[in-house]
2 protein chains.
Amino acid sequence: MAQGLDAIDRRILGELQADASQSLDTIAEKVGSSKTPVWNRIRKMREAGVIGPQTVIVDAEKLGFDACFFVLVRTSEHEADWQAAFLRALKARPEVMEAHRLAGEIDYILKVRVKNARAYDAFYQALISEVKIFNVTALLSMEEIKFTTALPL
Amino acid sequence: MAQGLDAIDRRILGELQADASQSLDTIAEKVGSSKTPVWNRIRKMREAGVIGPQTVIVDAEKLGFDACFFVLVRTSEHEADWQAAFLRALKARPEVMEAHRLAGEIDYILKVRVKNARAYDAFYQALISEVKIFNVTALLSMEEIKFTTALPL
DNA sequence: GTCGGTTTTGGAACATTGTTCCGATTCTGG
DNA sequence: CCAGAATCGGAACAATGTTCCAAAACCGAC
């Protein structure tokens, strides 16, 4: 029973990704089933962790978050405790929307949303004062061309 | 009336970002108000476009999307029609989760989610066959350290 | 194929929540 | 301090989420 998703599960996921405010009846009709089965499938996928948190996408610019940076980080330190401190710092900072550890020359990439360039500098200064970083390159986004959380199923 | 958000609006936004499945009563209690005002505020923020789509975050790896790349794109073409074609291609491809136009050396950054490296190559080949690109660097994510859609309010 | 057991389904019943309405209250500008 | 407008809070209603259970579909063993 672990987590074999069939075609109907995937279609339900697709509908939820597209619009999580749809009623069960609506989804049931779209996937050609009925209320209860759809609800049970959703519950199981939630328990299995396939379906995570339910959120609302808010318009960053309308809230005054006009600046978005992608930050490429290189470090000289690769010890476990340094890494732990770095991760802790990233998770604690709400401006950091996304953080990945990379393969290759560059060690980490961050996506950072702030109100303006000065706010980014404040973030940057705070970060390098917390952990030692070898090299940082910031890429400034001029325009968000596309953004989606929906995986292609 | 345009879109002046007060403290309560922001707290409502925060609650919705954290968990959009909460009931109006729950949110109302948390922000120290009652059902109807909360509902009206949410409706207005929706109409103003502050609140966008309501979705569900699904676990990419549990669905077999094991590879995530950040793609740095440089181009020699900067004409309007080339850009239009490029944007169209990006928006049409569901693997492209995110795309930004940048300031500086690098012209675009993409976040691409695929099932494996071969799928990324297929995407890459398809893209460069559609539009002319000067230089591409792909950064492979080894680990998603952090991911959130919640803006810091 | 057929039988027994397990899982899934779909409809009905119930509980909770979303949505609307309206009188009372608070806020705002003069 | 007053009048007008906007907001609020509770009640009533409609819609939705959640549970329950019997019937149907599925599956493996024989």
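This structure is a prediction, so every number in the text was calculated from the model and none was measured. Just the heavy atoms: all of them, side chains too, but no hydrogens, waters or symmetry mates, feed the values below. Naming convention: chains lettered A, B, ... in sequence-line order (proteins, then strands); numbering from 1 in each chain.
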Give, for atom [atom1] of [X] and atom [atom2] of [Y], the distance between the pair rounded to the nearest 0.5 Å.
X	Y	atom1	atom2	value
A/R113	A/S141	CZ	OG	7.0 Å
B/L140	B/M142	CG	CE	3.5 Å
A/R41	A/R10	CZ	CZ	11.0 Å

Practice task
Would you kindly give the CG-to-P distance between A/D6 and C/dT7, to the nearest whole Å?
Solution key: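 Nearest whole value for this atom pair: 16 Å.
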Practice task
Give the rounded distance in Å between these two atoms: CD1 of A/I27 and P of C/dT9.
Solution key: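 Taking atom P of C/dT9 as the reference, CD1 of A/I27 is at 15 Å.
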Handout entry: Residue list, side chain to side chain donor-acceptor pair (under 3.5 Å) with B/S34, at least two apart or on another chain
Key =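 Result, side chain to side chain donor-acceptor pair (under 3.5 Å) vs B/S34: none returned.
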Exercise for the section: Step through the shown structure and confirm whether more than 12 heavy atoms of other residues, nucleotides or ligands are within 6.0 Å of CD on B/E143. Expected result: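 Yes, the 6.0 Å shell around CD holds more than 12 heavy atoms from other groups.
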Practice task
Side-chain contact test, heavy atoms from C-beta onward, threshold under 4.5 Å: evaluate it for B/I8 versus B/V38 and give yes or no.
Solution key: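 No, too far: nothing below the 4.5 Å cut-off.
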Practice task
Report yes if some heavy atom in the side chain of A/R46 is under 4.5 Å from a heavy atom in the side chain of A/Q54; otherwise report no.
Solution key: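 The answer is yes, as the side chains (C-beta and beyond) meet within the 4.5 Å cut-off.
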Exercise for the section: Would you mind telling me which of A/I57, A/T148, A/V56 makes a side chain to side chain contact (heavy atoms under 4.5 Å, CB included) with B/P53? Expected result: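 Testing each of A/I57, A/T148, A/V56 against B/P53, the sole residue satisfying side chain to side chain contact (heavy atoms under 4.5 Å, CB included) is A/I57.
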Problem - A/Q17 side chain vs A/L151 backbone, donor-acceptor pair below 3.5 Å - result: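 Judged by distance alone, yes, a pair lies under 3.5 Å.
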Exercise for the section: Using modelled atom types only, decide if a donor and an acceptor are shared between the side chain of A/N135 and the backbone of A/R74 within a distance under 3.5 Å. Expected result: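 Checked: no pair found.
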Completion exercise
The contact string for nucleotides 16-21 of chain C, one letter per nucleotide 5' to 3', using protein heavy atoms under 4.0 Å with B, S and - for base, sugar-phosphate only and none, comes out as -SBBBB
Practice task
Go through the steps to decide whether A/S21 and A/D19 satisfy the test side chain to side chain donor-acceptor pair (under 3.5 Å), and finish with yes or no.
Solution key: CA-CA 5 Å; A/S21 72; A/D19 178 7; 2.7 Å; yes
Handout entry: the helix from C/dG1-D/dC30 to C/dG30-D/dC1: angle between end helix axes, five pairs per end, rounded to 10 degrees
Key =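 Nearest ten degrees gives 50° for this helix.
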Exercise for the section: Shoot me the first and last contacting nucleotide of DNA chain D against chain A, ordered 5' to 3', at under 4.0 angstrom to non-hydrogen atoms. Expected result: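 Going 5' to 3' along DNA chain D, contacts run D/dT16 to D/dC20.
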Which atoms of nucleotides 23-28 of chain C (N or O only) lie under 3.5 Å from a protein N or O atom, and what are those distances?
none

Exercise for the section: Not counting sequence neighbours, list each pair that qualifies as a ring-ring contact (aromatic ring centres under 6.0 Å, His included) and has a residue in residues 84-106 of chain B. Expected result: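 Matches after skipping sequence neighbours: A/F70-B/H100, B/W82-B/F86, B/F86-B/Y108.
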Practice task
Any chance you could lay out the side-chain contact (heavy atoms from CB on, under 4.5 Å) test for A/I51 and A/L16, step after step, and finish with the verdict?
Solution key: CA-CA 9 Å; A/I51 295 180; A/L16 287 180; 3.8 Å; yes
